Amino acid sequence: MAALDTAWAERWLRESARVIAEHRQELIDLDRAIGDGDHGENMDRGFAAIVAKFDEEPPASLAGALKMAAMMLMSKVGGAAGPLYGTAFLRASTAIGDAEALDGPAVARMLAAGRDGIVARGKAGPGDKTMVDAWTPAVDAAAGGADGHAALSAAADAAEAGAQATKPLVARKGRASYLGQRSAGHLDPGAVSTALILRAAVTATAEADA
Amino acid sequence: MAALDTAWAERWLRESARVIAEHRQELIDLDRAIGDGDHGENMDRGFAAIVAKFDEEPPASLAGALKMAAMMLMSKVGGAAGPLYGTAFLRASTAIGDAEALDGPAVARMLAAGRDGIVARGKAGPGDKTMVDAWTPAVDAAAGGADGHAALSAAADAAEAGAQATKPLVARKGRASYLGQRSAGHLDPGAVSTALILRAAVTATAEADA
Amino acid sequence: MKKLINDPRAVVDESVEGFGLAHADLVRVHPDPLFVSRAGGAVPGKVGLISGGGSGHEPLHSGYVGRGMLDAAVPGAVFTSPTPDAIIPATQAADGGAGVVLVVKNYTGDVLNFETAAEMCQAEGLDVRTVLVDDDVAVEDSLYTAGRRGVAGTVLVEKVAGAAAERGDGLDEVEAIGRKVVANVRSMGLALTPCTVPHAGKTSFDLGEDEIEIGIGIHGEPGRRRVGLEPADALTEHLLTPVMEDLGLAEGERVLLFVNGMGGTPLSELYIVYRAAARILADRGALVERSLVGNYTTSLEMQGCSLTLLRLDDELTALWDAPVHTPALRWGA
Amino acid sequence: MKKLINDPRAVVDESVEGFGLAHADLVRVHPDPLFVSRAGGAVPGKVGLISGGGSGHEPLHSGYVGRGMLDAAVPGAVFTSPTPDAIIPATQAADGGAGVVLVVKNYTGDVLNFETAAEMCQAEGLDVRTVLVDDDVAVEDSLYTAGRRGVAGTVLVEKVAGAAAERGDGLDEVEAIGRKVVANVRSMGLALTPCTVPHAGKTSFDLGEDEIEIGIGIHGEPGRRRVGLEPADALTEHLLTPVMEDLGLAEGERVLLFVNGMGGTPLSELYIVYRAAARILADRGALVERSLVGNYTTSLEMQGCSLTLLRLDDELTALWDAPVHTPALRWGA
Ligand SMILES: Nc1ncnc2c1ncn2[C@@H]1O[C@H](COP(=O)(O)OP(=O)(O)O)[C@@H](O)[C@H]1O
Ligand SMILES: Nc1ncnc2c1ncn2[C@@H]1O[C@H](COP(=O)(O)OP(=O)(O)O)[C@@H](O)[C@H]1O
Ligand SMILES: [Mg+2]
Ligand SMILES: [Mg+2]
Ligand SMILES: [Mg+2]
Ligand SMILES: [Mg+2]
């Protein structure tokens, strides 16, 4: 298991870009069902921009990597998800400060800061059928992690369960809320992309060339 | 066999209205294939107007019946067919003059006058894939008719054959000419409606209540 | 067939009625026989300008009734030329005592019906001239066809001749200006989808999911040939090359570039086509001095577009720029 | 998916480029980050007015840049809010020294991105106000939703606030006029067909041959309910009744009636809807004093329409009538 350092952060974001690209159509289809069908395209554009940025200028620090990601997400994704993920990564970056590597509690703090940023901007609560429903259980699960890897694993598992649990919910925030009862029976696309990104964080804990 | 008098003319035009209405969709489909799909609708509107006019004001003479028909066709059909059929019936009416009933030669003169009117207005020749290709053989066939009924029967048969013969032709007049070679392989809608109208003239020779 | 209509046979009457209600400051609708005239009536001493044709091409022609353009318009049934009984009163309503010019698109039906109406008006002592528009280069002009069709270039004829009439030109001059536009305007169109005439209830032709029809008219007639899906830049070239060639466009010449939507194509796509056309023209050394982009001569809900070029000189440019105040085209007023 | 496009990902860039070429006399296109401003730049001393949002609603918003309306517009990706890195320079370009009003349609994405941009502009010392448009009565406004959406009423907000800015009103006044329009405008829409976002390549929702979606937004979102095929008169009633009710329209009140096409519906059908709406309003004793009919706030090639009512008083009427000179709306100039 590699340390959760700058190289890990870069691997995390590159792996996120890969899985988002892989699931682009799935995210589009989920958003088509209860939104406007752009979530996969928007996220793919934003994460591709992060990769391009990293290729050009590799991140110098852990917090720096997340901040660069925040800026690219803010300026390239657009829609609701852009400012929300952008804020999450910005707050996460600030929470990390100048730490060179993350242990269990630091992972939990980072995720909590990200979630709090999303809630501050978007004002959604648990059960509103948004990405908050993946972030919140992830934050809770990470809190008990023995080390950084365990915290991330628990968070990713919880985010995936949280995303699946959005299915029966009636949306109360975002575009899906316009559908009223008709929004029930579909997964929330932002919760699904959150789960993908947190799973990527776990995958990235494997050594680069292992 | 009834005389080809005013009552016959009225029966002819009413019967034409009936068969045109019956074949409305077929004429639309033929015109859809090589034109703009309105021939059945236009002809149906025009002949329905003739019937409405006759219901309100029965024709007083043979020539008068055809002139009333000409006026209604001119003002209600529109498109290419309206002025062409309108002119045909107007010239036919003039050719009849004050005759009270038509014999063979009179039928031939009437049809020739109608055809000449169409050619004068539309400038199409035989083989251009227009209604002229039904009218011209009809006029030729009527010339040999022993009496009015025989002349009409021969004309209707010839018009039907003429209409069928338009199928392989490449249109050189009217909207179908825009298609060039692609107009071949379809019947000309105006030739088909001509055949229907001339057949109605034969049907109308049966006594009204026979 | 899904349409925002009531009775398929009442489509034209109801639509023109709504048009009259929405633009009561500009136009007057005469219901039976149906025609549209300027709200203020004929302008005394001014040459009258009218046009008409089958409906389904909105805003053509009724949308162009108003100051600086038409005095009256005669909408026929959908895709069907109007009849003389409507054209005649429209011509009379447009007559301010200086004669009337009829702008007629070259289709057998329109030609025959307007010809009949013109003869009858002449017989009543009204001086009537006809300007026949035949700008569609998709159709070969030869003795063996009905000649070229009139398509979107008609809007430019109506605008320029309307401006000439409005500034006080006489009957000969307005007719001559109309013919000058016709001599210098060429168009060609394509369809991505067919359209459905309300009373027919079926599409005007069948087109596969991966086929594009090139050289269509504006009545849902099939075109000259089909191609597969191609990018907008390539499709633009298919349209613009024959238009430029037929016009004999030389380097350094000035043109008006008109990208017309067929009714169902979003404006954003028309601008992509405009961009492609502007680049091709720049490569040729032509100067695009005026432009028009939008749904000005449509075929119901058809998706597709046409390209029109008008060769400009100072006179045509000035008449194009002159004020116009109609429901569908308005500037300087 | 058949569209007049090249690369699905280049649709917005190429379309806005073409738009800039076609209207070079009125607008300037800034390619990266993408925004559109008036050709002449900010007007010194005038309050700036800008708007923006996802693309696919053309002519909204770029088509309304020009004298008497917007100073700048920010087009995002198709149906996706633009980002602060484009909104910020657009806001700066619109600033003539008297502050800038942002017209924002109420969608989470637009609100968040414009909010971020506004904060950053404020931090740089630029006085920025936001007018949030939420005219869509199809969405229940409650604590439990994202609130009402902004739809076609946005055009009226931009026109009226733009006229106020142009006549020299201060920042507070322009903001107040914008809010006054918002308080008096309501809309509702329906779709006959869905639309296809170019990069998605699939229709935004599925709709049967005999189904109509009532209460749609302008992003191809599904609506609140489906009905079967109904005549235009009945469909108009489905839209207009909630609009009138929500507005609390009383007998004798004056309104502007706006029939907006979703992009793929022919103008002739919009006039049939206008006729039906005008009759219903007449029955209610409302006075239709101004009208607007056409494709002004679209959803790509969607077939359908929306109805908007704006309650008028003398002030709003005068600002509506004031000269406007933009690519998509023009009068008095
Ligand atoms: N107020 C909110 N708070 C948290 N998340 C939200 C909020 N509104 C929307 N979202 C998330 O954003 C996702 C949609 O993102 P996206 O499709 O990119 O934006 P848009 O809805 O503007 O098209 C939703 O699935 C949801 O998870
Ligand atoms: N120049 C012409 N001479 C004779 N008949 C013609 C001519 N042009 C067209 N037609 C006839 O008119 C028919 C089409 O009529 P219709 O569909 O009512 O008119 P339109 O073509 O204006 O839609 C054609 O099938 C053809 O028979
Ligand atoms: Mg979305
Ligand atoms: Mg026809
Ligand atoms: Mg026709
Ligand atoms: Mg979106």
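For clarity, every value in this text was computed on a predicted model and none was experimentally measured. Just so it is clear: chains get the letters A, B, ... in the order the sequence lines come, proteins before strands, and each one is counted from 1.
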Among the options [options], pick out the one with the most heavy-atom pairs lying under 4.5 Å from chain A.
options	result
D/Leu112, D/Asp206, D/Thr108, D/Val78	D/Leu112
D/His219, D/His199, D/Arg9	D/His199
D/Val197, D/Thr116, D/Asp136	D/Thr116

Which one of [options] has the most heavy-atom pairs closer than 4.5 Å to chain D?
options	answer
A/Ala176, A/Gly37, A/Gly174	A/Gly174
A/Lys123, A/Arg24, A/His39	A/Arg24
A/Gly79, A/Gly82, A/Ala80	A/Gly79

Name the region of [X], side chain, backbone, both or neither, that has any atom closer than 4.5 Å to a heavy atom of chain D.
X	answer
A/Gln181	neither
A/Ala33	backbone
A/Val170	neither

Check A/Arg182 with D/Glu213, please: is the shortest side-chain N to carboxylate O separation under 4.0 Å?
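Here D/Glu213 pairs with A/Arg182 in a salt bridge, since their nearest N and O are under 4.0 Å apart.
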
Presence of salt bridge, D/Glu119 and A/Arg121, under 4.0 angstrom:
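Result for this pair is yes, salt bridge flagged.
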
Does NZ in A/Lys67 sit with more than 12 non-hydrogen atoms of other residues, nucleotides or ligands closer than 6.0 Å?
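At most 12 heavy atoms, drawn from other residues, nucleotides or ligands, come within 6.0 Å of this atom.
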
Evaluate whether atom CG of A/Asp98 has more than 12 neighbouring non-hydrogen atoms of other residues, nucleotides or ligands under 6.0 angstrom away.
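Result for CG/A/Asp98: open.
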
Backbone N or O of D/Thr203 within a donor-acceptor pair of the A/Arg32 side chain at under 3.5 Å?
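Looks like yes, one N/O pair under 3.5 Å.
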
Examine distances only and state if a side-chain atom of D/Asn113 and a backbone atom of A/Gly78 form a donor-acceptor pair shorter than 3.5 Å.
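No, the answer is negative, given that no donor and acceptor are paired below the 3.5 Å cut-off.
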
For a quick test of reading the model, state the closest non-hydrogen atom pair linking D/Phe79 to A/Asp38 and the distance between them.
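Scanning both residues, the minimum pair turns out to be O-OD2, 3.0 Å.
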
With rounding to the nearest 0.5 Å, note down the distance linking OG1 in D/Thr83 to CG in A/Asn42.
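Here the rounded value is 10.5 Å.
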
Are A/Asp29 and D/Lys202 packed together at the side-chain level, in the sense that at least one heavy-atom pair is separated by less than 4.5 angstrom?
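Result yes, sub-4.5 Å side-chain heavy-atom pair found.
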
Under 4.5 Å from any heavy atom of chain A, what part of D/Ala200 do you find: side chain, backbone, both or neither?
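Contact with chain A involves both backbone and side-chain atoms of D/Ala200.
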
